[in-house]
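For reference, the structure is listed below as structure tokens.
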Number of protein chains: 2
Amino acid sequence: MAIVTAKAGPKLQSVQRLPAYLGILRGMLAEGREFVSTSHLAEVLKLPAIVIRKDLQMTGITGTPRVGFDLRFLVAAIEQFLGWNNTKDVFLVGVRGFGEALLAFDGFGTAGMDVVAGFDRQPELFPGGVRGKPVFPIARLGELARRMHIAIAILTVPDTDAQETADVLVTAGIRAIWDFTTPRLCLPDDVIVQKAGLISELAVLSKRLRERGLTATAEEGNSI
Amino acid sequence: MAIVTAKAGPKLQSVQRLPAYLGILRGMLAEGREFVSTSHLAEVLKLPAIVIRKDLQMTGITGTPRVGFDLRFLVAAIEQFLGWNNTKDVFLVGVRGFGEALLAFDGFGTAGMDVVAGFDRQPELFPGGVRGKPVFPIARLGELARRMHIAIAILTVPDTDAQETADVLVTAGIRAIWDFTTPRLCLPDDVIVQKAGLISELAVLSKRLRERGLTATAEEGNSI
DNA sequence: TAGATTGTTAATCGATTAACAATC
DNA sequence: TAGATTGTTAATCGATTAACAATC
């Protein structure tokens, strides 16, 4: 009666480390550097060199002994491996609250992602859009997704609307959802649901705090 | 010459799953339920029951055969294990951009965290604060942290200011940082740095998209 | 009692780490 | 050539999964 969990695909941890490599490597490239060895990268990133070598292996790139990796090729290889070489336009659904911040943020460009529009049940709350990005009623999502060939959506609606909105997204042709809501969504298997892990990170942070005895309860009467 | 990575502590993955359990369990509690079995939880969460049992074991709670776990005790045990039973006040540093959204967001209460104030190099940009939360110049951080006994900060400054600002935080007595910047911070060992993984999550999402052949490049002329 | 569920102990699996051969 | 660095193969480690005994 065991339930099969989503299969791992390529090593999860390795994929997660790649963006950090990419950041450093892009910086080195901008500085005009041409080659880099894993031992040097290891020193900068404070990671074991063997970890980095194994991770890079995954991208299919090959270095040259005694020289290292060609920086330009290496950056290109990682970008291609992640699909960050071409920008994907995405929609953000649920602008009130956390979504507004994400919509205003434009730091996902390095990750090949451009949030081009927001959708909300009450678009009238954002008459001029958010930082130049328009906010539409959810009813228009299907039409616009088709017209703009959008396949990815960020879901930041309130938890109570999560499943219902997700269903709308799927009907509208969305194939991948970056999900910031807490409930577990029930969607067709061919739709990719990537859970955002902010709360999980807080759990880890909290645990580490407790381990060090920093359970510092907010004390009484400490108003600003 | 191997570099020692931060030791794992209690099983990382297990800790990360606890918030999901807690969400469901709190809901069940609100519905008036009194007991829950891991098999039932497993069904709801679509996870193998053995995983949940092992995870719960970590919190130290004990169930009763044939009955399951006392919901009230279970919720309390998880909250205590994570330190989410008492609210911790935190500062947010770097309000422009992504930080503003986080400051406006108040969904971390369930995780025992309350963002009480923002700090920015240009506080004058936020005359009335953000959603009622005041924004101070960074120069006042030390004074206020001491007065309010704040030990945790969320770091959302631009990458270029990250290290410098982090140093200021440590001097101000901050003992734990939830770090949304990309560079690797160099700080004393006794300061907890928890990296936010948004970009890593995007890497995983991108990879999964590519695996399914959804490399959908944004096409030409698809303006809104 | 009978049977469902917990808790524990063992087995499997995968990832990380180490050792070393290949190579420029 | 000599030596640094890659790439590969083996060993270790830890986490997940399975099996089963304990228990209410």
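Every chain is numbered from 1 and lettered A, B, ... according to where its sequence line falls, protein lines coming before strand lines.
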Ion pair check, A:Asp120 and A:Arg96, cut-off under 4.0 Å: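 Salt bridge between A:Asp120 and A:Arg96, a charged N being under 4.0 Å from a carboxylate O: yes.
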
Note: A:Glu31-A:Arg26 ion pair, threshold 4.0 Å (strictly below):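 Answer for the salt bridge query: no.
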
State which of [options] makes the closest approach to the side chain of [X].
| X | options | value |
| --- | --- | --- |
| A:Val51 | C:dT17, C:dA10, D:dT6 | C:dT17 |
| A:Arg17 | C:dT6, C:dT16, D:dT6 | C:dT16 |
| B:Thr38 | C:dT6, D:dT17, D:dT5 | C:dT6 |
| B:Lys11 | D:dT17, D:dT16, C:dA19 | D:dT16 |

First encountered from the 5' end of DNA chain D, between A:Pro65 and A:Ile50: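 The 5'-side residue here is A:Pro65.
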
To the nearest angstrom, how far is [X] atom [atom1] from [N] atom [atom2]?
| X | N | atom1 | atom2 | answer |
| --- | --- | --- | --- | --- |
| B:Leu74 | C:dT6 | CG | C1' | 13 Å |
| A:Met58 | D:dT8 | CE | C1' | 17 Å |
| A:Leu56 | D:dT5 | CG | P | 15 Å |
| B:Leu47 | D:dT16 | CG | C1' | 12 Å |
| B:Ile61 | C:dT5 | CD1 | P | 17 Å |
| A:Arg66 | D:dA4 | CZ | C1' | 5 Å |
| A:Phe69 | C:dC24 | CZ | P | 14 Å |
| A:Asp70 | C:dC24 | CG | P | 16 Å |

Polar side-chain contact B:Lys54-D:dT17 base: donor and acceptor under 3.5 Å: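 Present.
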
DNA chain C: 5'-proximal contact among B:Thr62 and A:Arg53 (nearest heavy atom):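 Mapping each residue to its closest nucleotide by heavy atoms, the 5'-most match is B:Thr62.
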
Residue A:Arg72 excluded, over 12 heavy atoms near CZ under 6.0 Å: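 No, not enclosed.
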
Closest non-hydrogen atom pair between A:Ser39 and A:Ala49, with its separation: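 Closest heavy-atom pair between A:Ser39 and A:Ala49: CA-CB, 4.2 Å.
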
Nucleotide paired to C:dC20 in any strand shown, Watson-Crick or G-U, under 3.5 Å: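 Across any shown strand, C:dC20 pairs with D:dG7.
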
Touch class at under 4.0 angstrom, heavy-atom based, for B:Gln57 against every strand present: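 Counting heavy atoms under 4.0 Å across all strands, the contact made by B:Gln57 includes a base.
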
Output field: ring centroids B:Trp178/B:Phe108 closer than 6.0 Å: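 Close enough - the centres of the two rings lie under 6.0 Å apart.
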
Distance below 4.0 Å between A:Gln13 side-chain N/O and C:dA15 OP1 or OP2: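 No, no such contact exists.
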
